[in-house]
Enquirer: 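Before we start, here is the structure in question, set down as structure tokens.
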Amino acid sequence: MNDQFLERMKSILADDYPQFLDSLERPFYKGVRLNPKKCEPEALVEMLRLTQPTPFYRYEYYNDSITGLNPFHCTGSLYLQEPSASSVVPLLGIQPNDLVLDLCAAPGSKSTQILDFLETGFLVSNEIHPKRAQVLLSNMERMGAVNFAVTNSDPKTIGSWFPACFDKVLVDAPCSGEGMIKKHEEVKEDWSLENIDHCASRQKEILPWAIKALKSGGELVYSTCTYAIEENEAIVAWILEHFPEMEQVEIHAGFGRKGVSVLGMDPSKVVRITPIEGGEGQFVAKFRKKGSDFGEPLFLKNQKLNKKEAAFFHELTRKTYPYILKKDEKIFGMDHPFIDFGKIKTLRQGVLMGEQKKGRIEPEHAFFLAADQKEGLISKVEIDEEEMDRFMHGEVLMKNAAKGYVALCFKQTPFGFGKSDGNRITNKLPKGLRFLPKSHLSI
């Protein structure tokens with residue numbers, strides 16, 4: 001372990017430093033977060049034998065055995081997440097109808113958690129790096145997102161297009177990642193003061209555009225997974241110095257510790273989490289925007305399904321979407337009006353329902369995974385773990401089912417679909433989601 005890093009931690013933690021030093025020898029904290037939009041949490045806790053809830057979020061549990069090969073992970077009923085990372089989103093105070101921006105969203109742990117709190121509201125999940133944006137979209141789709149958009153843009157473009165539009169903004173900033181020093185060898189090897197300063201500079205480039213996108217009266221949460229004062233308390237002081245419209249908000253949390261004293265900010269109003277508090281590392285600060293700065297997003301004109309399209313989806317589901325968008329032969333649906341993103345690269349907005357192909361409509365994988373379709377889907381087939389494993393490898397299932405498109409369910413939760421001729425179900429799982437030959441489901 002880097003001696004300079006340890007000396008810095010000693011100055012931050014003082015008398016608690018020996019406990020931190022001991023924690024470096026213990027295993028990395030792992031956890032799972034349950035998805036209340038896809039499962040009954042109490043029932044899933046019992047099925048998975050989860051016995052240790054974390055102090056950070058009501059649906060987060062300590063667990064080091066569940067992997068991405070768990071059937072409930074495939075259904076989107078759970079998300080693998082470092083426990084303290086689940087502490088951030090609840091502190092935003094999201095209301096069901098809020099317009100929310102997650103500005104640095106990949107791989108999606110916090111964006112998919114934001115979905116727990118939204119009903120009629122809307123989430124914009126942005127990621128600047130194209131490959132990471134694709135991972136973000138995949139996770140949003142698996143977890144059943146409906147009223148959302150995944151964008152692939154820089155903070156300046158987002159903030160400029162949506163001035164003073166958002167009720168809540170989350171900046172889970174790219175950082176030096178000291179809280180991941182036990183998990184990722186590269187964090188340990190690449191640790192340096194130069195890297196910390198570089199990250200702090202980048203955070204200062206991102207935050208002005210997050211603040212610009214926030215409406216007056218709205219709240220912004222800034223978080224990192226590092227211990228560095230330069231990226232935490234010093235950034236809070238920098239925000240308060242350069243943006244007089246922003247005021248620090250007290251955080252009421254039953255976990256973590258208060259911050260380090262830095263001139264120009266209140267350390268009692270931020271939260272630090274270290275392995276001493278049961279998580280690998282998280283810093284959280286909260287702000288409210290003063291003034292009378294209000295904007296509204298532009299909305300696209302709503303479209304309608306034609307008779308053929310309406311009849312097709314009527315055979316698949318009892319759930320209909322009041323807002324429809326058709327683009328490039330694809331059909332999207334939402335319970336929220338579609339937003340005009342201008343020239344912002346948008347990977348997805350709403351549920352991808354289906355696509356026009358050679359005069360016919362093909363339903364899409366995302367349609368069957370949407371959380372609000374779980375109860376509405378008409379033709380469903382319950383399969384066991386062994387059948388699910390074969391399906392996840394792209395195999396055809398020899399199984400009796402109603403003819404046509406059918407949702408495949410594990411423990412009553414859809415995770416994909418196929419086309420049945422009555423005796424066999426042709427696999428429609430996207431190739432990019434199929435398991436490798438030697439990978440198999442494991443509870």
Enquirer: Apply the test side-chain hydrogen bond (donor to acceptor under 3.5 Å, both in side chains) to residues Thr54 and Glu60: give CA-CA distance (whole Å), side-chain angles for both, the deciding distance (0.1 Å), then the verdict.
Expert: CA-CA 6 Å; Thr54 78; Glu60 177 90 11; 5.5 Å; no
Enquirer: Applying ring-ring contact (aromatic ring centres under 6.0 Å, His included) as the test, list every pair that has at least one member in residues 142-172; sequence neighbours left out.
Expert: Phe162-Phe166, Phe162-Phe341
Enquirer: If we ignore angles and hydrogens, is there a donor and acceptor under 3.5 Å between the side chains of Thr157 and Asp154?
Expert: yes
Enquirer: May I ask you to say whether Glu219 pairs ionically with Lys286, meaning some side-chain N is under 4.0 Å from a carboxylate O?
Expert: yes
Enquirer: Kindly compute the distance separating CD (Glu385) from CE (Met392), expressed to the nearest 0.5 Å.
Expert: 12.5 Å
Enquirer: Cut-off 3.5 Å, side chains only: do Tyr227 and Asn232 have a donor facing an acceptor?
Expert: no
Enquirer: Report the residues that fulfil side-chain contact (heavy atoms from CB on, under 4.5 Å) with Ala85, sequence neighbours left out, ordered by chain and then residue number.
Expert: Gln81, Glu82, Lys110, Gln282
Enquirer: Quick one: side chain to side chain donor-acceptor pair (under 3.5 Å) partners of Gln356, sequence neighbours excluded?
Expert: Glu309
Enquirer: At what distance, to the nearest 0.5 angstrom, does CG of Leu48 lie from CD1 of Ile443?
Expert: 7.5 Å
Enquirer: My understanding is that only residues two or more places apart in sequence, or in another chain, count here; which of them pass side-chain contact (heavy atoms from CB on, under 4.5 Å) with Glu250?
Expert: His252, Lys269
Enquirer: Within this structure, what is the CD-SG distance for the pair Glu230 and Cys199, rounded to the nearest 0.5 Å?
Expert: 10.5 Å
Enquirer: Once the angle between the rings of His440 and His393 is folded into 0 to 90°, is it parallel (under 30°), tilted (30 to 60°) or perpendicular (over 60°)?
Expert: tilted
Enquirer: For the CD1 atom of Ile383 and the CE atom of Met388, what is their distance to the nearest 0.5 Å?
Expert: 6.5 Å
Enquirer: Sequence neighbours left out, what pairs pass side chain to side chain donor-acceptor pair (under 3.5 Å) with at least one residue falling in residues 85-98?
Expert: Asp98-Lys168
Enquirer: Under the side-chain contact (heavy atoms from CB on, under 4.5 Å) rule, collect the residues that match up with Asn147, sequence neighbours excluded.
Expert: Phe122, Met334, Asp335, His336
Enquirer: Between the side chains of Arg33 and Thr112, does any donor sit under 3.5 Å from an acceptor?
Expert: yes
Enquirer: So, Thr224 and Glu231: side-chain donor and acceptor under 3.5 Å apart, yes or no?
Expert: no
Enquirer: Are Thr151 and Ser153 linked by a side-chain donor-acceptor pair shorter than 3.5 Å?
Expert: no
Enquirer: My understanding is that only residues two or more places apart in sequence, or in another chain, count here; which of them pass side chain to side chain donor-acceptor pair (under 3.5 Å) with His198?
Expert: none
Enquirer: Which residues pass the side-chain contact (heavy atoms from CB on, under 4.5 Å) test with Ser65, not counting sequence neighbours?
Expert: Asn63
Enquirer: Is it true that Glu362 and Arg360 make a salt bridge, defined as a side-chain N closer than 4.0 Å to a carboxylate O?
Expert: yes
Enquirer: State, without any angle test, whether Tyr59 and Gln113 hold a side-chain donor-acceptor pair at a distance under 3.5 Å.
Expert: no
Enquirer: Return the CD to CD1 distance between Glu245 and Ile239, rounded to the nearest 0.5 Å.
Expert: 10.5 Å
Enquirer: Taking side chain to side chain donor-acceptor pair (under 3.5 Å) as the test, write out the residues that go with His365, two or more places apart.
Expert: none
Enquirer: Enumerate the residue pairs fulfilling ring-ring contact (aromatic ring centres under 6.0 Å, His included) with a member in residues 60-101, sequence neighbours excluded, ordered by first and then second residue.
Expert: Tyr29-Tyr62, Phe72-Phe410
Enquirer: Check side chain to side chain donor-acceptor pair (under 3.5 Å) between Trp209 and all other residues, then give those that pass, not counting sequence neighbours.
Expert: none
Enquirer: Given the rule in the ring pair (Phe, Tyr, Trp, His ring centres under 6.0 Å) test, do Phe255 and Phe56 qualify, once you have shown the distances and angles that lead to the verdict?
Expert: CA-CA 7 Å; Phe255 50 77; Phe56 308 116; 5.3 Å; yes
Enquirer: Verify side-chain hydrogen bond (donor to acceptor under 3.5 Å, both in side chains) between Thr413 and Lys374, making sure each step is shown before the conclusion.
Expert: CA-CA 7 Å; Thr413 301; Lys374 181 179 177 180; 3.3 Å; yes
Enquirer: Please check if any side-chain donor atom of Ser176 sits under 3.5 Å from a side-chain acceptor atom of Thr226, or the reverse.
Expert: yes
Enquirer: Exactly one of Phe417, Phe313, Phe332 should register a ring pair (Phe, Tyr, Trp, His ring centres under 6.0 Å) with Phe367. Which one does?
Expert: Phe313
Enquirer: Does one side chain, of Ser111 or Asp102, offer a donor that lies under 3.5 Å from an acceptor on the other?
Expert: yes
Enquirer: Does anything in residues 340-350 form a side chain to side chain donor-acceptor pair (under 3.5 Å)? List the pairs, not counting sequence neighbours.
Expert: Glu141-Arg348
